[in-house]
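A short write-up of the structure that comes next.
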Amino acid sequence: MPEGDTIHRAAHRVGEALVGREIISIETPHPRHGHDRWPERLSGRGVRSVDARGKHLFLRFEGDLTLHSHLRMGGQWSVYRRGERWRRSPRRAWLVIRTPEHEVVQFDGPVLELVTDSRTRFDPQLAGLGPDLLAEDFSEERFLARLREDDQTRPFGDALLDQRNVAGLGNIWRAEACFHAGVDPHRPTREVSNEEALTAIRSVQPLMARSAAGEWPPPNVYRRSGRPCPRCRTAIESGGLGDDNRTIYWCPGCQT
Ligand SMILES: [Zn+2]
């Protein structure tokens, strides 16, 4: 699943290709949007800005219209030079925006909607998002408040994945966050101190920022089950965790 750093990186690339550029055409090839008339509604409007919040991406057009996208498990934003071969089938394209130099393509949906700017501020799902770990105004106090409002019997590793607690953290970074804090992800949240919770998110924040800028910091535990822990050499374990049973990775030697 694309995580917040992936979406921030995509927002940066899409923004470079679209903001202030002439928009030649907007197409919505996917049948689900066949009757939405977006090309007509967006015709002649430039893109003002592109921004990300958690795993949501917003293309803000002139005149108060915003395309809101969430990639869920398999979606992707791609930027190609005109004439460059796409790396996914054109049949999987939901949105194609062309400028004189680029084609910006959103593949495999599945959440793509045209809304007003005010709707992006008041939509209950978006308003319920926790503080975005990669936002300049990220608030540790808000994160702790959300975490403590959550079910305190919930495993900490599961609570970190809940976008209402902190937006943008996905399966890779929640595992790495628990590793850096030395916290077993199964530990109930009530037994995790504020200091440990803050250590967890502070440790991955700069790594996610580097990843958003196009670097790939190597993981310590993610997808390394059976391999030695880089801190204590114990074999890393993996298993399903939480309501969604997503796979978590941890070191049973130094994460307690
Ligand atoms: Zn270890």
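Each ligand, and each atom within it, is numbered from 1 in the order the structure gives.
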Is the cationic atom of R60 (NZ for Lys, CZ for Arg) positioned less than 6.0 Å from the six-membered ring centroid of F58 and within 45 degrees of its normal?
yes

Quick check, are the ring centers of F107 and W86 under 6.0 angstrom apart?
yes

Less than 2.8 Å away from the Zn ion (ligand 1), how many protein N/O/S atoms can be counted, ignoring water?
4

Looking at [Y] and [X], is any side-chain nitrogen of the basic one under 4.0 Å from a carboxylate oxygen of the acidic one?
X	Y	answer
R246	D244	no
E62	R48	no
D108	R92	yes

Distance-only donor-acceptor check, side chains D158 and H186, under 3.5 Å:
no

